[in-house]
Amino acid sequence: MTVQAPATPAAPPDTRKLLLDPSFMARLDQLDLMSRKMLAGKLKGERRSKRRGQSVEFADYRNYVIGDDLRFIDWNIFARLDRLFLKLFLEEEDLSLYILLDVSKSCDYGEPHKALYMKQVAAALGYIGLVNYNRVHLTAFANGVVADTGALRGRRRVAQMIDFIANLEPTGASYFADSCRRFALQHRGKGVLVMLSDFFVKEGFEGGLRYVAGGKYDLFAIQALAPQEIDPELQGDLKLRDVEDDDMAEVSITQPLLKQYKANLNAYCLALKDYVTKRGGTYLFTSTAVPFDTLVLNYLRERGLLG
Amino acid sequence: MNWLPTFLNWQAAAIAAGLAIPALLILYFLKLRRQERVVPSTLLWRKAIQDLQVNSPFQKLRRNLLLLLQLIVLLLLLLALSRPVANYKPGPGKTTVILIDRSASMAARDGNDGRTRLEEAQFRARELVRSMSRDSTAMVIAFDSSAETMQGFTSDQQALIAAIDRIRQTDRKTDLRRAYALAEAQVNFDPEQLRANVEPPDVRLYSDGRTLNEQDLRIKAEVTYEPIGSLSAKNIAVVALSAKRNYERPTEVQVFARLANFGPEPVQAPVTLSVDGQMVMGGGSLQSTYLLPERWTEDQRRQHVEKAGKPPSDSVQFKLDLANRAIIRIEQMNKDGDQLAADDVAHVVVPPPKVLAALLVSDGNYFLERVVRSLGLQKPDIIIPQAYEAKVKENKVQEDYGKYDVIIFDNYRPPTDARTGKAILPDSGSFIYFGVVPDGIKTKAARMGAATQPGAPGTPPPANAPPVFLDDMAVMDWDRDHPILANLALNKLYAAQGLKLQVPLDREVLIEGLKGPMMVLDRDGRHTHLIVAFNLMESNWPLKVSFPVFMHQALHFLALGADMALRQSYEPGDAPQVQRSLINVAGGLEALSKLTLEGPGGTREVPVPPGDRFVLPPLEQVGIYKTVPEITGMEQIAVNMLDVNESNLVPAEKPPGDIGKAEPLGGESTRRRELWPFLAAAALAVLFIEWWVYTRRVHL
């Protein structure tokens, strides 16, 4: 796998500090990624794998056939039963953590800033992944996959990851389905997939999620919305310009309209949650008003991503 | 009735609409300069809008609800600007002649809101003028017994309305013929109207439809008759008045008046008679009539009489003695609801005693000459019998003596025409004979050798047989009631000798002597003969007081008898002709350049032209007129309406003369109703709705 370094120069240190400050990192050190699935890794790691392999974790016995490695014959059983059994061990492998970060222009919005918030979360998760010797892939997508770290592993890569994240800029419209498809094609390995986005997809989130939900990924869909999106503070006759595609919507803000908007937002989130959970994923909604450390330390733990 | 509104000012509205509607639309499109806001995604907004739209019906409509409401407001205002009117009556044509009746009957106060008929007609005519379109023209003619162009053809509505307002009530009769003739003349004067395919002028007739000479009406135009007045108008009128002196007794004036009731119900109407403004006491100067409505048919009248048991009486008769100038006024006193005052009163002018012209034919009679000279006669001429005979021979009796009211023959018998056997006298006149009887009348002097009683058998006396004289004639009785002998004491009258008169039964004996008639009044055609049987010089009468009184009364009686008719009365609007020479002016007649005419309408100066005859201005109002200085024979002029046609206030429902079409009687007096206030109110209401919608933003 080729590592695509971000084309942008290294972000200033303060941005990096903003993404992860040392005290927070210390608290993150105690956390590890959890996966409800036992996923096959590529390298030996600290995770149990479905694969039988060489580890201390016993998995099963099977009859000896000619050609098996004699080292794994359980001689004690041979002694008792006079039959040859082969001891099988669980392979311990590393875990792949895929972080899909939405950097479309729609994230360049809100107070607290949506894009920053999502970057912070991504940085925190990536940090946890690196610290625990997991294989961390950071992929930024907007109108396609715009940047990819490739696989990162080990604490040493933290700085590189932070730089990568810090240098991401909101750009372009979201071609969600296309982005997901290309991601799925590029990353055939299994692992935990954390998707950070607002999931505002005009053509429908289903088209994209069907590539990544279920199957090989343990999907965590984190929908982060700014408080201004959850409870719009708009008034009067407005021409709403879509930041991504410059689509104009003329609205006259009225109470019924606001009510309808909220109802629609609620229904949209529910539909997203339904879609994700039905496919074995986990959905997490958050407002950017929720401090990201609270999200990481509490909510993600509750949802089982971290442990 | 045409309820479709007409737009009087649609041009202005069209121009305004051409400007305002595009302006509104442009403004509407410019109006929503929405503030731009950037949002992460319009996804949910679009969806929310769509959901709302799906959920609300008539969304298409509602999307432009404000525009729609504004358009409605604008349209309503434009409609109001176009001045729509609901027409109750057809509008005027392109060329309209407005005929307004101002005759006496139009003074009846039975219009809407207590207006007189003339005011009502003016009101309606004004309405008509206001509903004229800009390019149509109209003229105004006021008519009564004459017709007057108040305003020629113009499209200036203000001028037309001013002309309508100038029309004043008169007491004249109605003669629509002249109005039609004038209207036709005016229309034909307009060269436009002579073209072949021009629509005929629209003639609007505002009248109560009662006109003289209805059968002679004709006009070449579209006549629309708008009847004015109500069927329930009450009016009791003096419709006929005649006054004349009693033929037998010229000092007695008989006044006949006929009344008519033009109201809907039978009425009782007292009638009073007053002389010179004072009710004559006694003598039945207040009489009552019971009048059935003129509009009733014979059957209705009969039924009413049978039911009420009260016979109708519609005429009154008064008798009174009047030797002097007087004005007799007849007035019906039932004024309850009476709509027309001009026909309640009628006047008769009784002329002053005539200044007599008398001729005395005498050989010389001191007493008679004294009396004749002292009576203040106009022409107390005295001639001798030979002079009379000379005129007879010259055949100039009529020419020279016809001007005398009374000729006195003192003991002289006028010569007799051999052919007719009658005395040669002027063609008409009155004559007094003393001691002679003229030939050729029924009263005869008895002659020798003939039967003393007329009609008695016997041979007729020879023509020149000497008359029979009676001696010692004394008065037995006299007719004390006769005006000639009124207030005379004749019992001491004595004559030494007198003719024996043979008086037929149909001749009037005024003094009956002991031996025979002493004074006889014999009327023979246009001659009146007063025959005194004795010669004055053979009696004691000249020495008695009764003689000059008798002469005075006799002369007046005879003169009045020659002028039995009372003064002519004029109709309203008549212009009496005056002979300049009859003006009684103290200075020279030549210096007179004007006289004053006093009448019920006030006093005015009338210029007197230098010619022989001139005409007084029309006497428009009913009443008594007089001039200063006086005009002989016209000292007072009575103007009376006395017209059934004019007093009849029942408006005709058919157009006069059946020309043209009539609008229904008692229809809306307003021609049209302006609709713009309603439209403006509706616009205001819609504006409120728009405001409400705008603030509530009901669904969008």
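We name chains A, B, ... by the order of the sequence lines, and we start the count at 1 in each one.
Contact record, A/Glu229 with B/Pro40: OE2-CG, 2.8 Å, taken as the closest heavy-atom pair. Across every non-hydrogen atom of B/Leu44 and A/Tyr261, the tightest pair is CB-CE1, 3.4 Å.
Atom CZ in B/Arg37 sits 11.5 Å away from atom CD in A/Gln228 (nearest 0.5 Å). Of the inter-residue distances, the one linking B/Ser41 atom OG with A/Asp247 atom CG reads 8.0 Å to the nearest 0.5 angstrom. Within the model, atoms CG of A/Asn264 and CD of B/Gln50 stand 9.5 Å from one another, a figure rounded to the nearest 0.5 Å.
For A/Tyr109, the OH atom sits in a packed shell: over 12 heavy atoms of surrounding residues, nucleotides or ligands are nearer than 6.0 Å. For A/Tyr268, the OH atom sits in a packed shell: over 12 heavy atoms of surrounding residues, nucleotides or ligands are nearer than 6.0 Å.
Of the atoms belonging to A/Leu225, not a single heavy atom falls under 4.5 Å from chain B. When heavy atoms are compared at a cutoff of 4.5 Å, A/Lys114 approaches chain B solely by way of its side chain, counted from C-beta outward.
The closest donor-acceptor contact from the side chain of B/Arg46 to the backbone of A/Met248 lies under 3.5 Å.
Contact annotation: the side chain of B/Trp45 approaches that of A/Ile253 to within less than 4.5 Å [non-hydrogen atoms, C-beta and beyond]. Side-chain contact between A/Val243 and B/Val39 is absent, with no heavy atoms from C-beta onward closer than 4.5 Å.
Of the options A/Arg241, A/Lys202, A/Glu244, a side-chain hydrogen bond (donor to acceptor under 3.5 Å, both in side chains) to B/Thr42 is made by A/Lys202 and by none of the others.
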